[in-house]
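Take a look at the structure below.
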Amino acid sequence: MSNANFSRRDLFKLGGIAAASVAATSALAGCGQPAVRSEETQASAATAVSGPSFLVAPEPITEFAETHDYEVVVVGAGESGVSAVHSALAAGARVACVQNAAAAQSTGNMAACIDLDKTSEAAIQACISFINWKSDYRSDRDLVEIWARNSQEAIAWWAETAAKGGVEAKYHDAVLPYNGYDIYLHANTYFHTEGHNASVVAIAEQLEADGADFFYLMPCVQLQTAEDGSVTGVICKSGDEYHLFTASKGVILATGDYSSNAEMLDYYAPDCKGFRLATDFRDGTGMVAGMNAGAIMTPHTHTKMIHGEPAPTRLEMPFLFITQQGERFMDETCCRQGYLNNFARKNLAEGGFSDPSMAKFFMLAPANWQDFYEDWKAESPYDISMFNGPTPVNPERWIQADTLEDLAEAINAYGQESKWAGVSVDAATLQATVERYNELCAKGADDDFGKAAKYLVPIEGGPYYAIPRGANMLPAILGGLVVDKNHQCLNAEFQPIKGLYAVGNASGQFFGGVDYPMDIEGLSIGRAITGGYYAGKLVASL
């Protein structure tokens, strides 16, 4: 059997099914007599192996309008980027931050940490195990432990520095029980402002005053590498000119995810098709530059963070769920926002993936819904919630009616007002759905979907509540470049690439599930700030 004409690195870049297909094809071709291939066939094969356009390495750029010399260069000025700038600068390094946009820019409202003053050592380890469990046991435990050990210091710095710029944090504390241990969580929130974007702008201004150099509208297009494969600088484009930023100690990729890059999204996360994108500035080019320098992408499937429900309607309790046509469709035990998108893809497909509202549905809750909250929450703390951060649900924002017939009419009116094109609830259908569900509740056994008997609560009497549920917006993809415990990027042989690091959503292996677990609210931003804070300090010390 002959050797295949592509490297292990090519397989990692291709990823998943594509890689398996290429490997299988090559293995078959290598057995027996060699095939005679025409030029056209060879050209087609080359295209198939190269994969999508972003995996085709460009020619190295070697001519520059200007060269800027630094010790640490951070690519990206979001939460992880400014955190890396800060800690590298505080460690005495000469630091530059290059950004593709006209200003520092981020999204999100909350950053979480562990309160190490209250949390026992066993509980810290339990929290690390909890995140791994919620990530289908695909998390890198070392990376999660970096967050666990360093997040309190990093988040405290963030809030203090933002406050100097006039952006005050509010705080949200919670206790997460797991394996018999209490994990004390602390988060700074910015729900009362424009979110972390306000704080990241204030922090960037403070860092610039402290001596860091920020270069805006200067997107990274390539990384400079030495003959030994080490990364020595960042190549950016400004207008028609290229600028080289040398980095004698290291480059830190803090570019966020690739959720604004349609080609990367279709390739790495095709099950996001049809969801509304939250940003247009996270284009994945930093990760592509890293792959072109030898780094590898986290294997599929990448974790998806999918949102959409406003806080007043985010009641996560397993009552009766109905489609936009008034029919029951699932075992409602899976009632957490982070996972509900999995029930929506067929509806998105039926709408031609052109209408994100097709991912929505409704929950019918009884008038006494609150009577069940405390008992259910105590028994299933990871599944039950009536809060979005510190904000409780608001029943006044729910759809209400005294009869099911009136409720059907009110749901349809809501659909028209909200421009949910698929909403069309027939009163007779809704009545039949509720009657059938109430029969199952009386029987104490869900013959239709197998929901646990403890959650079989009838929908009867009045008023009736219909609560808009489901998610239609994609804020982020949590799958980036493979890194080690120091956030140093690894190559296809799982060896660290000298001079190249990745943090935040540009790095992988912190989350490993199909969907983003929201049980620790603010965890994604908390790990981004902590990862940048940790890596900046480490690289500056080299």
Side-chain angles (χ1 to χ4, degrees), residues 108-159 169-191 303 311 314-318 333-339 370-393 452 454-455 478 510-513 515-531 533-534:
N109 296 289
M110 180 186 291
C113 70
I114 295 180
D115 188 334
L116 299 176
D117 299 323
K118 297 180 179 179
T119 307
S120 69
E121 178 61 29
I124 292 170
Q125 293 299 329
C127 186
I128 297 167
S129 294
F130 175 82
I131 293 169
N132 203 10
W133 166 51
K134 280 292 183 174
S135 297
D136 296 335
Y137 298 98
R138 296 174 65 205
S139 294
D140 183 316
R141 190 178 181 89
D142 289 338
L143 289 175
V144 179
E145 185 151 9
I146 286 173
W147 166 78
R149 301 288 183 190
N150 297 275
S151 57
Q152 186 177 40
E153 178 183 339
I155 299 304
W157 159 78
W158 181 282
K170 293 185 177 181
Y171 296 96
H172 175 60
D173 294 307
V175 180
L176 176 70
Y178 185 66
N179 283 352
Y181 305 101
D182 285 339
I183 304 157
Y184 291 87
L185 300 169
H186 177 71
N188 61 47
T189 74
Y190 296 90
F191 288 98
T303 303
R314 198 173 296 170
L315 178 64
E316 296 179 325
M317 295 181 69
T333 304
C334 176
C335 60
R336 296 302 298 265
Q337 176 190 236
Y339 307 102
Q370 204 159 358
D371 292 347
F372 304 93
Y373 182 78
E374 293 299 334
D375 287 345
W376 287 357
K377 180 69 175 176
E379 189 170 342
S380 302
Y382 320 120
D383 301 318
I384 308 300
S385 177
M386 57 182 287
F387 292 93
N388 176 33
T391 308
V393 296
K454 65 182 178 182
Y455 294 138
L478 310 176
F510 191 98
F511 301 100
D515 296 291
Y516 171 53
M518 299 182 66
D519 306 85
I520 300 177
E521 295 181 278
L523 180 59
S524 178
I525 293 177
R527 76 107 176 192
I529 292 172
T530 305
Y533 190 91
Y534 179 87

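Atoms considered below: every heavy atom in the structure, side chains included; atoms not considered: hydrogens, waters and symmetry mates. One is the number of the first residue; the rest follow in order along the sequence.
Within the model, atoms CZ of R149 and OG1 of T530 stand 13.5 Å from one another, a figure rounded to the nearest 0.5 Å. Atom CG in L523 sits 11.0 Å away from atom SG in C113 (nearest 0.5 Å). Rounding to the nearest 0.5 Å gives a distance of 12.5 Å between CD1 of I155 and CG of D115. Rounding to the nearest 0.5 angstrom, the gap separating the CG atom in N388 from the CE atom in M110 is 7.0 Å. Rounded to the nearest 0.5 angstrom, R527 CZ and I529 CD1 are separated by 12.0 Å. Rounded to the nearest 0.5 Å, atoms CD (E316) and OH (Y382) are 15.5 Å apart.
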Stepwise side-chain contact (heavy atoms from CB on, under 4.5 Å) test for D375 and K454: CA-CA 10 Å; D375 287 345; K454 65 182 178 182; over 6 Å; no
Worked verdict on F130 versus L176 for side-chain contact (heavy atoms from CB on, under 4.5 Å): CA-CA 10 Å; F130 175 82; L176 176 70; 3.7 Å; yes
M317 vs Y373, side-chain contact (heavy atoms from CB on, under 4.5 Å): CA-CA, chis, key distance, verdict: CA-CA 8 Å; M317 295 181 69; Y373 182 78; 3.7 Å; yes
Worked check of side-chain contact (heavy atoms from CB on, under 4.5 Å) between Y178 and I183: CA-CA 8 Å; Y178 185 66; I183 304 157; 4.1 Å; yes
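Inter-residue side-chain proximity for C127 and W147 is flagged as met; some heavy-atom pair is nearer than 4.5 Å.
Summarising the local packing, NZ of K377 is surrounded by more than 12 heavy atoms from other residues, nucleotides or ligands at distances under 6.0 Å. Counting non-hydrogen atoms of neighbouring residues, nucleotides and ligands closer than 6.0 angstrom, the NZ atom of K118 reaches no more than 12 such neighbours. Residue F387 places its CZ atom among more than 12 non-hydrogen atoms of other residues, nucleotides or ligands, all under 6.0 Å distant.
A donor-acceptor contact shorter than 3.5 Å links the side chain of T119 to the backbone of Y184. Put simply, the side chain of S135 never gets that close to the backbone of R138: no donor and acceptor are under 3.5 Å apart.
In this structure, Y516 and F511 have perpendicular ring planes: the angle between them is above 60°, well past the 30° mark.
Of the N and O atoms on the side chains of S380 and Y455, at least one donor lies less than 3.5 Å from an acceptor on the other residue.
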